[in-house]
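Positions are given from 1, in the same order as the sequence printed here. Start at 1 and go down the list; that is how both ligands and their atoms are numbered.
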Amino acid sequence: MKVTVIGTGYVGLVTGACLAEMGNHVVCLDVDERKIRVLQDGGIPIHEPGLDVIVQRNVAVGRLQFTTDVAAAVAHGTLQFIGVGTPPDEDGSADLQHVLAAARSIGAHMTDYKIIVDKSTVPVGTADRVREAVRGELQRRGMEVEFAVVSNPEFLKEGAAVGDFMRPDRIIVGADDERAVLLMRALYASFTRNHDRLQIMDVRSAEFTKYAANAMLATRISFMNELAQLAEKVGADIDMVRRGIGSDPRIGTHFLYAGAGYGGSCFPKDVKALVRTGQEHGVKLRVLEAVEEANEQQKHVLGKKVVARFGEDLAGRTFALWGLAFKPDTDDMREAPSLVVIADLVRRGARVQAYDPVATEQARLALGDVAGVSFADSAQAALSGADALVIVTEWREFRSPDFDAIRAALKQPVVIDGRNLFEPALVKAHGLEYFAIGRANAVPLKT
Ligand code: UDX
């Protein structure tokens with residue numbers, strides 16, 4: 001099939017590349033000329049495991065092209081995916097200007113039947129606004145061309161996005177138009193050969209499903225983070241509690257990890273946007289308001305633990321910080337807890353020596369010229385001369401460290417772990433003081 005994807009960010013690029021991989025002919029359009037040039041030259045502007053190979057393979061055989069030429073891109077695809085950003089507005093609602101601009105571009109150039117697919121996360125009712133935008137452009141041109149607007153929200157985890165697209169748990173398609181449903185079924189048939197994972201529903205339910213999924217997952221995390229606070233006070237270990245409750249199939253094991261707060265481009269933005277949608281309709285979403293507030297607090301948990309151990313005044317102290325990206329396997333720094341941790345430490349006069357396997361450049365951009373932060377080339381190098389180690393992101397390479405080397409490098413044998421990576425007894429057996437999230441002195445130091 002002929003597919004056009006508008007927007008070459010995480011969502012658009014993964015969508016375009018994976019659809020090309022399944023034999024479709026895909027043109028990816030972006031207004032950012034620099035990004036398109038990088039892609040045309042074989043580069044990938046983001047860090048996403050496995051994406052580079054797929055992009056290069058499909059570019060080489062001519063199934064995947066990148067362009068800034070709007071007219072040519074719109075002419076190409078019967079299916080026009082919109083995968084542009086929907087950043088939060090000042091009031092928390094999703095900013096739809098890029099989505100609507102993409103819709104107007106389609107309306108301004110289309111001459112035959114198109115299925116316009118909203119892939120970006122957009123509030124309920126956006127498909128109607130996309131339809132109006134396209135219709136407005138067609139009217140301006142004095143043309144009558146048939147088109148359908150479909151909602152097909154993405155469920156791509158950064159760092160695992162290619163796998164999520166190629167082997168989806170479910171594909172949600174919201175459509176009110178038979179012809180569009182048939183074509184969407186055909187497009188996704190090769191991704192769902194063994195199990196029918198396609199769920200067809202009305203457009204508004206599909207749009208809502210995406211927010212509901214992210215809101216539920218964010219709720220689980222904030223819930224566990226709050227219980228973790230209590231676990232520390234009552235002398236329990238939240239990781240034991242997690243295992244205990246996760247084995248109940250009604251609860252399940254996923255997304256129950258207490259930590260330093262959730263970040264990224266989706267959860268914080270989508271929870272805020274859903275709360276905002278509720279307000280617009282006079283429905284107070286109390287649970288989600290609390291989910292958001294609990295997460296804002298949670299991002300300060302590591303700073304508080306440092307203060308509890310080293311005191312309010314951190315002048316003259318240096319902290320090694322492992323992990324900057326909002327989660328492993330990405331260089332994405334959007335809403336990353338590390339930004340809050342660094343701000344909390346630096347504000348009290350501390351220096352930070354940070355290390356991240358891939359996100360250093362993005363972190364430099366996100367932090368700007370904050371004084372007192374330097375970047376190390378390796379996890380071990382970040383420890384050199386530091387008072388203590390603070391772990392913010394659970395990269396795999398941090399999971400089995402040489403604890404003796406950590407103790408030898410640090411001025412004080414203190415590890416503050418925001419992701420509960422280690423067995424407390426093991427860390428303590430190496431002579432390190434170990435502070436984690438929601439794990440009181442549940443496991444005493446063995447001597
Ligand atoms: C998420 C959704 O999972 C995906 O379906 C959607 O399309 C986009 O948003 P992503 O933002 O890439 O994907 O990250 P995800 O792996 O879901 O993690 C989000 C945040 O939650 C991270 O900061 C992570 O560290 C945190 N998290 C996750 C926890 O703190 N505890 C957990 O148990 C799970």
For ligand 1, does Glu154 get within less than 4.0 Å through its side chain, its backbone, both, or neither, judged by non-hydrogen atoms? both
What is the closest protein heavy atom to atom 23 (O) of ligand 1, and at what distance does it sit? Gly263 N, 3.0 Å
Salt bridge Asp202-Arg204, side-chain N to carboxylate O under 4.0 Å: no
Just by modelled atom types, is the Asp91 backbone N or O under 3.5 Å from a matching donor or acceptor in the Asp89 side chain? no
Would you say Asp377 has more than 12 foreign heavy atoms packed within less than 6.0 Å of its CG? no
Taking the six-membered ring of Phe155, is NZ or CZ of Arg170 closer than 6.0 Å to its centre and within 45° of its axis? yes
Check this for me - ligand 1, Gly259, N or O atoms closer than 3.5 angstrom, yes or no? no
Ranked by distance from atom 31 (N) of ligand 1, the top protein heavy atom is Tyr257 O, 2.9 Å
re atom 10 (P) of ligand 1, the protein heavy-atom contact at minimum distance is Lys327 NZ, 3.8 Å
re atom 17 (O) of ligand 1, the protein heavy-atom contact at minimum distance is Phe255 CZ, 3.2 Å
Please say whether more than 12 non-hydrogen atoms of neighbouring residues, nucleotides or ligands are located less than 6.0 Å from CD in Glu293. no
If we ignore hydrogens and angles and just use 3.5 Å, is the side chain of Lys114 paired with the main-chain N or O of Ile106 as donor and acceptor? no
The closest protein heavy-atom partner of atom 29 (C) of ligand 1 is Ile221 CD1, 3.5 Å
Pick one of side chain, backbone, both or neither for how Glu158 approaches ligand 1, counting any non-hydrogen atom pair under 4.0 Å. both
Does the pair Lys428/Glu433 count as a salt bridge with the N-to-O cut at 4.0 Å? no
shortest atom 25 (O) of ligand 1-to-protein heavy-atom contact is with Arg419 NH1, 3.5 Å
For Leu256, counting its heavy atoms only, list the atoms of ligand 1 lying under 4.0 Å from any of them. 33 (O)
Which value, rounded to the nearest 0.5 Å, describes the distance between Asn225 atom CG and Leu230 atom CG? 13.0 Å
Tell me the protein heavy atom at minimum distance from atom 8 (C) of ligand 1, and give that distance in Å. Cys266 SG, 2.9 Å
Taking the non-hydrogen atoms of His254, is any one of them nearer than 4.0 angstrom to ligand 1? no
If you count every heavy atom of other residues, nucleotides or ligands that lies below 6.0 Å from Tyr10 atom OH, does the total exceed 12? yes
For Tyr262, is at least one N or O under 3.5 Å away from an N or O on ligand 1? no
Leu156 N/O under 3.5 Å from ligand 1 N/O: yes
Give me the nearest non-hydrogen protein atom to atom 19 (C) of ligand 1 as residue plus atom name, then the distance to 0.1 Å. Phe267 CE1, 3.5 Å
Which ligand 1 atoms does Lys157 reach within 4.0 Å, using its non-hydrogen atoms? 3 (O), 12 (O), 13 (O)
For ligand 1, the portion of Asn214 having any non-hydrogen atom under 4.0 Å away: side chain
Would you check whether Gly264 reaches within less than 4.0 Å of ligand 1, judged by its heavy atoms? no
Salt-bridge criterion met for Arg63 and Glu21 (N-O under 4.0 Å): no
Rounded to the nearest 0.5 Å, what's the gap from CG on Leu383 to CD on Gln353? Could you check? 8.5 Å
